[in-house]
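Input: a single structure, listed below in structure tokens.
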Amino acid sequence: MSDRFTLIAPDDWHVHLRDGAMLENVVTHTARVFRRAIVMPNLSPPVITWAAAEAYRERILRALPSGEQFTPLMTAYLTDSTDPDDLEQGFKRGVFTAAKLYPANATTNSAAGVRDLDNIGAVLSCMQRIGMPLLIHGEVTDPDVDIFDREAEFINRHLRSLRQRFPELRVVFEHITTEQAVDYVGSADQGLAATITPHHLHINRNSMFSGGLRSDFYCLPVAKRERHRLALRRAATSGDPRFFLGTDSAPHSRAAKETSCGCAGIFNAPHALESYALVFDEEGAMDQLEGFASLHGPRFYGLPLNSTQVTLERRDHLVPEIINGLVPFHAADVLPWRVRSSC
Ligand code: DOR
Ligand code: ZN
């Protein structure tokens, strides 16, 4: 195996860049490697209108180091009362790339999310008509459903019927964590894809409880049993174009992670590509990394491939315990690959 691996520059199809001081601290890490990113809208208050998304995009661009070639792709946060005309206008103006469905109270800042899919029928039919992708946080919020079953239950209760009602709607099932999701997406037609995070390829649910309560490994959807992690690794490294890279890097301050009700989210942006590379290397599938990281996503979104390249170098790299006051994924681990340069 060669000590260098060059690929078309990748994109991150799911990231939380936050806002204010935190935005400046995290966007640099994403922009170092990824040329574009789908930016999540779950700010407080959420990014609902195209005008709010345009203003947020400006703040992201201003937070970038000068000369950085990075394009934030903005998303709309769907609510029960989203205006289809605003959504359509935002999409046609090139402000919105997609819209995000958070079931109300499923995760961080999702209280204003969708309470009932029947409330957004007109929005979904508009999105289907104009070809605007729907990105789904696929978990039911019913407290009677075990947290480890919420993703699989979402497929059965909502996703199948949604796709029957809107067969032409382009859907991304975000940050999948179960073999049920892998099987569902893997047997679907061209209109459905899924993103997979680096952390769900590395950790299973034991990691959250190893030697104590480990909030750094708590995210939503929560990591599942080992067999699910292995199914995700098979899907990511399979070469199937329906699976592509989305880090779900979701930073929270130490104080917000380490409290009696700690926030969900793993900050993986500083070493995301290196983290994926380790998985593909371990699976003997480095030849599939470029498809997953750089080809499948743009093809699903109907966007051109990036024209630059990124080189990974086999070189041990100690991940710091803290980066910009945040604990990164793989903190204190040695990763065997490091991104060398973009040209
Ligand atoms: O772990 C997560 N963190 N999952 C989400 O869905 C949201 C995210 C966040 O914004 O912190
Ligand atoms: Zn997310």
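Below, each value reflects all heavy atoms present in this structure, side chains not excepted, and no hydrogens, waters or symmetry copies. Start at 1 and go down the list; that is how both ligands and their atoms are numbered.
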- Item | Salt bridge present between R35 and E68 (N-O < 4.0 angstrom) |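 Looking at R35 and E68, the cut-off is met.
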
- Query: Which residues pass the salt bridge (charged side-chain N to carboxylate O under 4.0 Å, His left out) test with R254, sequence neighbours left out?
  - Reply: D216, E258

Is the side chain of [X] donor-acceptor paired with the backbone N or O of [Y] at a distance under 3.5 Å, no angle test?
X    : Y    : answer
S238 : A235 : yes
T195 : H175 : yes
H200 : K224 : no

N/O donor-acceptor pairs under 3.5 Å from side chains in residues 283-294, not counting sequence neighbours:
from	atom 1	to	atom 2	distance (Å)
E283	OE2	R233	NE	2.7
E283	OE2	R233	NH2	3.3
E290	OE2	I8	N	2.7
S294	OG	I8	O	2.6

- At a heavy-atom distance under 4.0 Å, which protein residues reach ligand 1? Sort them by chain and number, would you? H16, R18, N42, T107, T108, H137, C219, L220, D248, A250, H252, A264, G265

- Item | Polar side chain donor-acceptor pair, R160 to Q164, under 3.5 angstrom | no

- Message: Taking the six-membered ring of F148 as reference, does the cationic atom of R205 (NZ for Lys, CZ for Arg) lie under 6.0 Å from its centre and within 45° of its axis?
- Response: yes

- Task: Evaluate salt bridge (charged side-chain N to carboxylate O under 4.0 Å, His left out) for R315 paired with D3, printing each intermediate quantity in order.
- Result: CA-CA 8 Å; R315 170 163 62 85; D3 286 345; over 6 Å; no

- How many protein N, O or S atoms sit closer than 2.8 Å to the Zn ion (ligand 2)?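 Those protein atoms number 3 in total.
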
